[in-house]
Colleague: 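Okay, handing you the structure first.
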Amino acid sequence: MKLIFLGPPGAGKGTYSQALVEELGIVQISTGDLLRGAIKEGTELGLKAKEYMDAGNLVPDDIVIGLLKKRIEKEDCKNGFILDGFPRTVPQAEALEESGIKIDKVINFTVTDELIIHRLSGRRICSKCNAVYNINEGCVPQPEDKSKCDDCGGELIQRDDDKPEVIKTRLEDYKQKTEPLIDFYKEKGRFAEVNSTQEVEKILDDIREVLKEI
Ligand code: AMP
């Protein structure tokens, strides 16, 4: 099963992917995680990507497309995957089409700007194991201690691009460059929408319903 999770930053794509991969027997591919991995390793590509990411801008298409193609070739993707955060531009979607990979379903998560800001500003990641938490009211998963990872005890940090001034740029970039993908995929069919302002369990059930159509 090959899926695309589409939606603005903070729509919950990563959270829902992580919650579903095990039961679906597929892997989550987050281009954001791949890029952050490259930054941590200090590769040339990572250094280049960091400039864009810190400013809240999208990383150039050629870099992201290259990273994604390499990742998809790996053995663990054989059963399928959820693309979380890719494609984010029409050229990226076209590159995916051209690669001949057939996507079974594109799910777009709808959410209000207010909720996006609320979710992103409360997001914290473990500096050691990358587990994701959210310390803002009504958001999940809440860590037991706001500064420490429940799993490994690593320090919880805020991503530079989750800071308020950068969130604004990310949202503008989303509206200009990523939102057109909704029409792109609507035209192709195999498109569904899920209301991402609901409780997480309800959202996961809605996703499962959509997947029954495949
Ligand atoms: P995410 O973890 O998905 O929120 O991504 C974090 C940041 O990584 C984004 O704000 C972009 O700067 C960059 N990024 C991730 N995926 C892509 C993509 N498909 N195209 C361009 N930039 C990306």
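Since this is a predicted model, take the numbers as computed values, not measurements. Residue numbers count from 1 along this sequence. Note that ligands are numbered from 1 as they come in the structure, with each ligand's atoms numbered from 1 the same way. When reading the values below, keep in mind they use all heavy atoms of this one structure, side chains included, and skip hydrogens, waters and symmetry mates.
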Colleague: Measure the distance from atom 13 (C) of ligand 1 to every protein heavy atom, then report the residue, atom name and distance (to 0.1 Å) of the closest one.
Modeller: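 The answer is L35 CD1, 3.6 Å.
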Colleague: Who's closest to atom 21 (C) of ligand 1 heavy-atom-wise, of N57, I167, V59, D161?
Modeller: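 Nearest option to atom 21 (C) of ligand 1, by heavy atoms: V59.
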Colleague: Counting heavy atoms only, which of R159, K177, R88 is nearest atom 9 (C) of ligand 1?
Modeller: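 Comparing heavy atoms across R159, K177, R88, the nearest one to atom 9 (C) of ligand 1 lies in R88.
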Colleague: Q92 and side chain to side chain contact (heavy atoms under 4.5 Å, CB included): which partner among D61, L58, T31?
Modeller: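 Output: one option passes, namely D61.
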Colleague: Taking atom types as modelled and ignoring hydrogens, do the side chains of D206 and Q198 form a donor-acceptor contact shorter than 3.5 angstrom?
Modeller: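 Distance-only check passes for D206 and Q198.
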Colleague: Determine the interplanar angle of the F109 and F5 rings, folded into 0 to 90°, and report it as parallel if under 30°, tilted if 30 to 60°, perpendicular if over 60°.
Modeller: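 Judged by the thresholds at 30° and 60°, the geometry between F109 and F5 is perpendicular.
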Colleague: Who's the nearest protein heavy-atom neighbour of atom 8 (O) of ligand 1, and how far?
Modeller: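 Looking only at protein heavy atoms, the one closest to atom 8 (O) of ligand 1 is M53 CE, 3.3 Å.
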Colleague: Measuring only between side-chain heavy atoms, which start at C-beta, is D145 closer than 4.5 Å to S147?
Modeller: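 SC-SC contact between D145 and S147 confirmed.
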Colleague: Using a 6.0 Å distance limit plus a 45 degree cone around the ring axis, check whether K188 lies over the aromatic ring of F184.
Modeller: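 Relative to the ring axis of F184, which defines the angle, K188 lies inside both limits.
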Colleague: Would you mind telling me if ligand 1 is within reach of the side chain of L58, the backbone, both or neither, using heavy atoms under 4.0 Å?
Modeller: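 Within the 4.0 Å criterion, L58 contacts ligand 1 through backbone and side-chain atoms alike.
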Colleague: For ligand 1, which atoms have a heavy atom of R36 less than 4.0 angstrom away?
Modeller: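 So the answer, numbered in order with elements, is 2 (O), 6 (C).
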Colleague: Report yes or no: does a heavy atom of F86 sit under 4.0 Å from some atom of ligand 1?
Modeller: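 So F86 counts as touching ligand 1.
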Colleague: Side chains of K175 and D113, heavy atoms from C-beta outward: is any pair under 4.5 Å?
Modeller: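 K175 vs D113: side chains touch.
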Colleague: Which atoms of ligand 1 have any heavy atom of R170 under 4.0 Å away?
Modeller: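 That gives atoms 4 (O), 10 (O) of ligand 1.
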Colleague: Please report whether ligand 1 has a polar contact with G85, defined as an N or O pair separated by less than 3.5 Å (distance criterion only).
Modeller: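 Yes: some nitrogen or oxygen of G85 is under 3.5 Å from one in ligand 1.
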Colleague: Give the atom numbers and elements of ligand 1 that come within less than 4.0 Å of a heavy atom of Q92.
Modeller: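 Answer for ligand 1: 18 (C), 19 (N), 20 (N), 21 (C).
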Colleague: State whether D205 and R208 are salt-bridged, where the test is any N-O pair (Lys NZ or Arg NE/NH1/NH2 against Asp/Glu carboxylate O) under 4.0 Å.
Modeller: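 So D205 pairs with R208 through a salt bridge.
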